[in-house]
Amino acid sequence: MIDAPIIIAGGGPVGLTLALELDYHGVDCILLERNETTTRHPKMDITNGRSMEFFQRLGVADLLRAKAVPADHKYSVVWCTDLAGWELARFDYPSVAQKRDQLRSENDGKSALEPGMRVSQILLEPVLKERLETQCSHVKVMFGWALEGFTQDEDGVDVQICASDSGEKQTLRAQYLAGCDGAGSVARRQLGVSLDELEQPHLEAENMKNPPRRRLYMIHFTSPEIDHIERFGRAWHLQSPAGWSVIAQDDVKTWTIHIPVAPGDNPEEWDPKEVLFAALGCEIECDVHVANPWTPRLSLAESYGNGRVWLAGDSVHQVIPTGGYGMNTGIGDAVGLGWALAAQVNGWGEPGLLHAYELERRHVAERNRLGSARHTNLRADIRKSYDPAMNEDSDAAAAKRAEYGAFIRELGNLENEAWGIEWGYRYDDSPVICAEAGDAPAYDWDNYVPTSWPGSRPPNIFLADGKPLFDKLGREFTLLVFDNEPSDSLTTAAADVGLPLAIVPLDNVFAATLYERKLVLLRPDHHVAWRGNVSPDASKAREIIEKVRGVL
């Protein structure tokens, strides 16, 4: 007997989003989480534009923004010596409200539908959990239950679980198990999937033969001294060439600082307040809520699963927080795995969709891992060029600070401006994308080129009624039709195999130009599956539909 078609192990942002995605497609699932509550540990602090597009599609974007940093607060990244010293350089970005006005006024398809959002994972997870518990009839939430193991066969998977408080054990049966259970994933370990790790810069040990793995010390604190901490103005990130970074969690009273741990130091013996005050260069009134060392990793799994067990999020990739690619990559995984699993359960998808999921999302994770490493190396370059003499109160030191600030500005702040990474990724080599001959558009980290090239996220614009084009898209596959081009052959081919297909005619000259073809077939995750200028004949239409639903 099947307890649920899908069992999800892990109730962090990825598992919660996967459950929302399955509910969106009308598929029953059980969500397991070993902890009794959502996280109390500060992790991510930025939900990027692509993730916000997904949350908008799932109906939770406004709920999340209600908990986020206010929409009129700007995003500023400030480099300084310390709070008792000098500002060195800054990068200022528009607030959510300003960005929204900019999106509508430019309306050129070059940006995400939604601006990014500053919100702590501590606040994000409860919103998603409450939504699942109160609004999602297809989801059973089981916090306090941990995945212990599984046994899969051709028809499904038996999932062994254990109650965290009582030790009670149960076995549940599902068609599929989704392992969203973090870096120490039980699901990944039982599958025997290994992790590949990239070399990292060893900031304190460049000249050592075998330098230890780099570690950081995290302190999560609250303080009423906002004016002191915002001495250089309101800052999302306050960064020092000494290596520490302060992250404003709410722009009111809550911050997190990450401080490098030098080789030979034992942070377990540190007094958090003493370390905090030494880094900031001054003492402040504060309460420390969490303090611990942690080890950044640049890991990527060799496989994302097989058979009836598939993985997503930190269970298959871990990155250094620079760039904010950890959770955001995982949100993309949740949507990609969710619609592929739903297609299996709902009967119109073939197993090729799951193999395509691995190829597509592993490509994105590898690209984002390289981006994270690049940003970390840039910070290392900034740190190596730091001269403590610039902390002096003299004309010579002021000249050094000016030169150093210019150096930082010249290096730029790509880690917060890599739009090609955030929403410009493509699935060029996917076996369920109808590839084209010819030269593909540019595929850069720092730039997004609006295109309907197969595999890409297509451009969004606001239509004459003020609504975004993305709001017109169907729940499953969508065929955009320009210039009244006939679409009967694709409609018939989709109906023959039960593939849900919404037909959306568009009468918008600019949208037609951006989308480049008269017929554009979009997947449930809003990536282009196929495009053409003329309706294919019946045979070709059937070939297209078979390919995009995973017949390999």
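FYI, the numbering just counts along the sequence from 1. Both backbone and side-chain heavy atoms feed into the values below; hydrogens, waters and symmetry mates do not.
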Closest contact, heavy atoms only, L469 versus L463: CA-CD1, 4.1 Å

Nearest heavy atoms of A187 and G179, plus distance in Å: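 So the minimum-distance heavy-atom pair works out to CB-CA, 4.0 Å.
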
Ring-ring centroid check [X] [Y], cutoff 6.0 Å:
X    : Y    : result
F91  : H237 : no
H526 : W423 : no
Y427 : H363 : no

To the closest 0.5 Å, what do you measure between [atom1] ([X]) and [atom2] ([Y])?
X    : Y    : atom1 : atom2 : answer
N416 : T322 : CG    : OG1   : 9.5 Å
N508 : T513 : CG    : OG1   : 8.5 Å
I545 : L501 : CD1   : CG    : 6.0 Å
Q239 : R383 : CD    : CZ    : 12.5 Å
I461 : R104 : CD1   : CZ    : 11.5 Å
W310 : S303 : CH2   : OG    : 6.5 Å

Could you tell me whether [X] and [Y] make a salt bridge, using a distance below 4.0 angstrom between a side-chain N and a carboxylate O?
X    : Y    : answer
R362 : E302 : no
D465 : K472 : yes
R50  : D525 : no
E114 : K99  : no
R523 : E360 : yes
R173 : D153 : yes
R308 : E154 : no

[X] side-chain N/O to [Y] backbone N/O, donor-acceptor pair under 3.5 Å:
X    : Y    : value
D483 : K518 : no
D314 : G326 : no
D158 : F150 : no
Q318 : P296 : no
Y176 : G156 : no
E358 : L354 : no
N328 : I46  : yes
N377 : A373 : yes
E33  : G11  : yes
T295 : R215 : no

In the structure I gave you, are the side-chain heavy atoms of [X] and [Y] within less than 4.5 Å of one another anywhere?
X    : Y    : value
V345 : I6   : yes
E422 : W445 : no
T451 : P459 : no
L128 : L64  : yes

Full working for side chain to side chain contact (heavy atoms under 4.5 Å, CB included) between T47 and F55: CA-CA 10 Å; T47 306; F55 285 138; 3.8 Å; yes

Worked check of side chain to side chain donor-acceptor pair (under 3.5 Å) between S535 and E485: CA-CA 7 Å; S535 182; E485 180 64 26; 5.5 Å; no

Y325-H375 side chain donor-acceptor pair, cut-off 3.5 Å: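 Their side chains do contain a donor-acceptor pair, which is all the 3.5 Å distance test asks for.
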
N368 and T329 side chains, donor-acceptor separation under 3.5 Å: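 Checked: T329/N368 side chains pair up, N/O donor to acceptor below 3.5 Å.
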
Steps toward side chain to side chain contact (heavy atoms under 4.5 Å, CB included) verdict (L147, I7): CA-CA 10 Å; L147 171 68; I7 291 177; over 6 Å; no

Mark yes when over 12 heavy atoms from residues, nucleotides or ligands other than [X] sit less than 6.0 Å from its [atom1]; otherwise mark no.
X    : atom1 : value
D507 : CG    : no
R531 : CZ    : yes
D429 : CG    : no
D537 : CG    : yes
D439 : CG    : no

Residue list, side chain to side chain donor-acceptor pair (under 3.5 Å) with Q135, at least two apart or on another chain: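 Scan of Q135 (side chain to side chain donor-acceptor pair (under 3.5 Å), adjacent residues dropped) gives none.
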
Candidate pair F470 and Q56, rule side chain to side chain contact (heavy atoms under 4.5 Å, CB included), full reasoning: CA-CA 10 Å; F470 280 11; Q56 177 69 21; over 6 Å; no

Non-neighbouring partners of E125 that pass side chain to side chain contact (heavy atoms under 4.5 Å, CB included), sequence neighbours left out: P13, L16, T38, T39, Q121

R549 and E476: CA distance, side-chain angles, deciding distance, salt bridge (Lys or Arg N to Asp or Glu O under 4.0 Å) verdict: CA-CA 11 Å; R549 75 185 187 98; E476 305 295 347; over 6 Å; no

Derivation and outcome, side chain to side chain donor-acceptor pair (under 3.5 Å), residues Y93 and E417: CA-CA 10 Å; Y93 303 98; E417 301 173 16; 2.4 Å; yes

Residue pair E415, R379: steps toward the salt bridge (Lys or Arg N to Asp or Glu O under 4.0 Å) verdict: CA-CA 10 Å; E415 71 176 77; R379 289 197 185 200; 2.9 Å; yes

Side chain to side chain contact (heavy atoms under 4.5 Å, CB included) partner of N460, chosen from L103, L113, L514, L473: L113

Geometric cation-pi criterion, R361 with Y425: 6.0 Å, 45°: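 Positive - R361 is close enough to the ring of Y425 and near enough to its axis.
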
R457 charged N/C atom sitting above Y448 aromatic ring, 6.0 Å / 45°: yes

Salt bridge (Lys or Arg N to Asp or Glu O under 4.0 Å) evaluation trace for R57 with E53: CA-CA 6 Å; R57 168 177 164 274; E53 287 181 345; over 6 Å; no

Check against side chain to side chain donor-acceptor pair (under 3.5 Å), N306 and Q152: CA-CA 10 Å; N306 63 67; Q152 64 169 315; 3.3 Å; yes

